[in-house]
K.L.:
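To start, I am sharing the structure in question, which I have written as structure tokens.
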Amino acid sequence: MTSDSEVEPEPREAPGGAPFWIGAVVGIGIMAYGVKGLLDAAPSTQPNQVGVSLLGLDLLHDAIVAPIVCLVGVLLARLLPRRVRGPVRAGLFASAIVILVGWAALRGYGHDQVPDNPTVDPLNYGTAVLTVLAVVWAGVVIWAIAASWLGRRAERPEGRGARGR
Amino acid sequence: MARLTHLPDLSAHRPFREGTFSSPLHSERVAAILGIALGVSFSICFATGLYSHFAQHPPTWFELPARPAGLYRVTQGLHVATGIATIPILLAKLWVIYPKLFRWPPFTNVANVVERVSLLPLIAGGLFMLGSGLANINLWYPWKFSFPVTHYWVAWITMGALVVHVGAKRLITLRALRPSRPAEDPADPPFEAEAAAPGVLADRRGFLAGVFATSGLLTLVTVGQTFSPLAKLALLSPRRPDVGPQGFPVNRTARTAGVLESARSPDYRFVVDGKVARPLSLTVHELRAMDQHSAVLPISCVEGWSSSQHWTGVRMVDLLHMAGAAPGASVTVHSLQPHRSYRTSDVNEAQSHDRDTLLALRVGGEELDIDHGYPVRLIGPDRPGVMQTKWVTRVEVR
């Protein structure tokens with residue numbers, strides 16, 4: 001398709017070639033359509049607030065969320081034996097996502113918005129979130145036990161087996 | 001590009017130094033697998049979102065079909081369920097590619113500038129779409145913009161950025177997905193030499209399994225809001241399809257709509273007017289005395305919940321015949337609501353003439369609850385819930 005590798009110093013990283021430029025022109029055209037639509041629909045779209053939100057989300061992820069996650073990853077790598085690291089990491093990840101998805105209901109934001117509508121947020125979401133978290137961590141325990149057992153069994157015949165770095 | 005080469009050399013400093021991020025999970029292969037999943041899920045969300053947009057704001061070339069009756073229920077249920085399931089995949093992908101943020105030098109050529117700059121709207125747009133959608137299904141609006149309009153236009157921006165990204169990453173993704181093999185050909189080295197280590201492979205498989213399991217778990221504890229067999233498992237969804245007056249949810253109550261008095265007033269009349277030979281003005285009793293028909297149809301909310309109910313009332317097409325409307329007429333249905341959005345909704349020819357499009361007086365064998373639109377509500381096949389107008393007082397033939 002392209003001969004990037006002959007002309008570019010970093011063939012794997014650097015995009016280029018006709019398919020890239022076709023995609024770029026089409027994609028930038030679609031983006032421009034979106035930006036125009038957003039601006040034309042002002043003030044109901046509040047373009048300034050949307051722009052700040054977009055930049056803010058990028059920054060929130062890159063400057064706060066990702067570094068914290070990396071830090072947690074480093075701690076897990078230092079504190080936990082290799083075989084349980086995977087299950088615990090998945091458990092922490094799933095727990096964070098479950099709390100994120102349940103957050104609005106947990107805090108009753110929807111219910112506060114329409115207090116006369118009992119069909120919004122009808123459950124006790126504290127109990128609901130704890131139930132889901134219990135399922136997550138039950139899965140983590142089963143996974144960790146299975147991984148340890150399988151790992152030990154794999155090591156026995158040869159004496160080394162799948163020992164990681 | 002010459003000027004770019006005069007950037008200060010930060011490549012010796014953290015986090016720009018190679019090897020800063022030592023986890024083998026920051027891998028091209030993991031990124032490629034998550035990337036493909038995201039490409040598919042964003043496309044599903046975009047297509048189903050467009051269908052919902054066209055259903056509510058039909059362009060001249062689009063007519064909302066009346067059949068299959070549950071189409072909108074499926075497309076909107078899929079839209080919300082896919083969006084929720086995408087949250088862990090997007091966040092995992094962002095973490096996997098995080099080290100690339102610190103690549104130095106940041107750009108190597110013009111194509112590279114285009115590709116990397118378009119990541120800003122792609123990542124921000126992806127987070128915005130999932131975040132605003134999640135807040136919306138929870139009726140949480142910590143912002144000033146109108147959700148549907150803004151969600152729609154930012155979707156175009158995000159999808160445009162995705163097209164650029166796919167164009168830029170198509171080769172790298174295909175290469176990353178090829179099975180690992182030994183470095184025999186120096187001109188075409190294996191994509192990731194370290195992938196051969198079995199511990200690393202297991203680690204990556206475990207990571208991906210954790211991400212997709214989280215995605216599956218979220219689906220399991222939310223999809224019951226539209227897929228009733230799983231209703232009891234819907235622990236994290238803000239609605240339960242079986243909770244509400246007469247056993248299903250309400251989006252806007254009669255109190256919020258400001259119709260508590262007008263809907264129960266003895267002066268209430270149901271009017272059919274506009275382009276008709278014989279305008280009608282009927283009391284609730286007169287409506288009840290007309291031929292009654294029943295249909296099982298879902299209320300399918302844009303926010304992703306839905307509930308199938310047994311409705312009984314007068315067929316729209318019978319009313320149109322009675323009023324002497326021209327064949328092929330489309331109508332606008334008006335609510336008693338004095339103001340606010342969704343006070344009226346349009347019913348095109350295909351829908352107004354469908355045998356199941358009813359001006360419903362009863363649900364589940366009972367008179368409609370006032371929060372479900374007493375005395376009369378519109379219910380028709382394949383319509384967004386917000387267009388199943390409640391507290392109907394006028395059918396205007398156009």
Side-chain angles (χ1 to χ4, degrees), chain A residues 1 8-10 12-16 19-20 22-24 26-31 33-35 37-38 41 44-46 49-50 53-55 57-58 61-62 66 69 73 86 89-90 93-94 97 101-102 104-105 109-110 113-114 116-117 119-123 128 131-132 136 162-165, chain B residues 23 84 87-88 94-95 98 101 108-109 111-112 114-115 118 120-121 123-125 127-128 134-135 138-140 143-146 149-150 153-154 156-157 159-161 163-164 166-168 170 172 198-199 202-203 206-207 210 214 217-218 221 235-236 238-240 243-244 249-250 253 255-256:
Chain A
M1 282 224 282
E8 298 295 345
E10 289 179 270
R12 290 171 181 178
E13 290 292 334
F20 168 76
I22 292 168
V26 172
I28 290 169
I30 296 171
M31 274 193 271
Y33 175 70
V35 171
L38 192 78
S44 66
T45 48
Q46 299 280 323
Q49 194 183 37
V50 171
S53 304
L54 290 172
L55 272 178
L57 283 168
D58 255 345
H61 175 267
D62 291 349
V69 173
R89 183 178 53 214
F93 176 74
I97 301 270
V101 169
Y109 293 140
Q113 181 85 13
V114 281
D116 67 331
N117 186 349
T119 72
V120 174
D121 296 342
L123 302 179
T131 308
V132 179
V136 167
R163 196 184 292 271
R165 59 191 181 120
Chain B
S23 167
I84 292 172
I87 293 170
L94 292 183
W95 180 76
Y98 187 56
L101 181 64
T108 47
N109 62 13
N112 203 214
V114 172
E115 183 247 324
S118 74
L120 186 79
I123 295 172
L127 291 170
F128 182 91
L134 180 63
N138 283 284
L139 305 184
W140 177 34
W143 54 64
K144 281 189 260 169
F145 50 80
S146 150
V149 191
T150 311
W153 287 115
V154 176
W156 282 100
I157 298 173
M159 290 309 283
V163 169
V164 178
V166 170
R170 70 204 186 280
I172 205 171
D203 213 13
F207 175 76
T214 304
L217 177 71
L218 285 184
V221 295
L235 293 175
L236 295 189
R239 304 301 192 116
R240 292 286 282 255
V243 172
V250 170
T253 61
R255 181 183 301 278
T256 308

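Each chain gets a letter, A, B and so on, in the order its sequence line appears, and its residues count up from 1.
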K.L.:
Considering only heavy atoms, which portion of A/V35 lies under 4.5 Å from any heavy atom of chain B: side chain, backbone, both, or neither?
P.N.:
both
K.L.:
Chain A: which of B/A124, B/G167, B/S118 shares the most heavy-atom pairs with it under 4.5 Å?
P.N.:
B/A124
K.L.:
Looking at B/L217, B/V250, B/V221, which one has more heavy-atom pairs under 4.5 Å with chain A than the rest?
P.N.:
B/V250
K.L.:
Looking at every heavy atom in both B/Y98 and A/H61, which two are closest together, and how far apart are they?
P.N.:
CD1-CE1, 4.4 Å
K.L.:
Go through the atoms of B/L134 and report whether side chain, backbone, both or neither lie under 4.5 Å from a heavy atom of chain A.
P.N.:
side chain
K.L.:
B/W95 vs B/F207 aromatic rings, parallel, tilted or perpendicular, using cut-offs 30° and 60°?
P.N.:
tilted
K.L.:
Side chain, backbone, both or neither: which part of A/L123 has a heavy atom under 4.5 Å from chain B?
P.N.:
side chain
K.L.:
At their closest point, which heavy atom of A/T45 faces which heavy atom of B/W153, and how far apart are they?
P.N.:
CG2-CD1, 4.5 Å
K.L.:
Can you tell me which of A/G102, A/G37, A/A104 forms the most heavy-atom pairs within a distance under 4.5 Å of chain B?
P.N.:
A/G37
K.L.:
Please identify, among B/I123, B/T214, B/L101, B/V114, the residue contributing the most non-hydrogen atom pairs under 4.5 Å to chain A.
P.N.:
B/T214
K.L.:
Is it the backbone or the side chain of A/T131 that comes under 4.5 Å from a heavy atom of chain B, or both, or neither?
P.N.:
side chain
K.L.:
Taking the six-membered ring for Trp, are B/W143 and B/F128 closer than 6.0 Å centroid to centroid?
P.N.:
no
K.L.:
Do A/M31 and B/V164 come within less than 4.5 Å of each other through their side chains, counting heavy atoms only?
P.N.:
yes
K.L.:
What option among A/L54, A/V132, A/V26 has the most heavy-atom pairs under 4.5 Å with chain B?
P.N.:
A/L54
K.L.:
Among the options A/I22, A/V136, A/N117, pick out the one with the most heavy-atom pairs lying under 4.5 Å from chain B.
P.N.:
A/N117
K.L.:
Of all the heavy-atom pairs spanning A/Q49 and B/K144, show the shortest one and how long it is.
P.N.:
OE1-N, 2.9 Å
K.L.:
May I ask you to name which of A/D121, A/I28, A/D116, A/V50 has the most heavy-atom pairs under 4.5 Å with chain B?
P.N.:
A/D116
K.L.:
Which residue out of B/P238, B/G210, B/S146 racks up the most heavy-atom pairs below 4.5 Å with chain A?
P.N.:
B/P238
K.L.:
Restricting to non-hydrogen atoms, name the atom on A/G23 and the atom on B/V163 that form the minimum distance, rounded to 0.1 Å.
P.N.:
O-CG1, 3.5 Å
K.L.:
Pick whichever of B/I87, B/V154, B/L218, B/I84 has the most heavy-atom pairs under 4.5 Å with chain A.
P.N.:
B/L218
K.L.:
Of the listed residues (B/G125, B/G160, B/P249), which shares the most heavy-atom pairs with chain A below a 4.5 Å separation?
P.N.:
B/G160
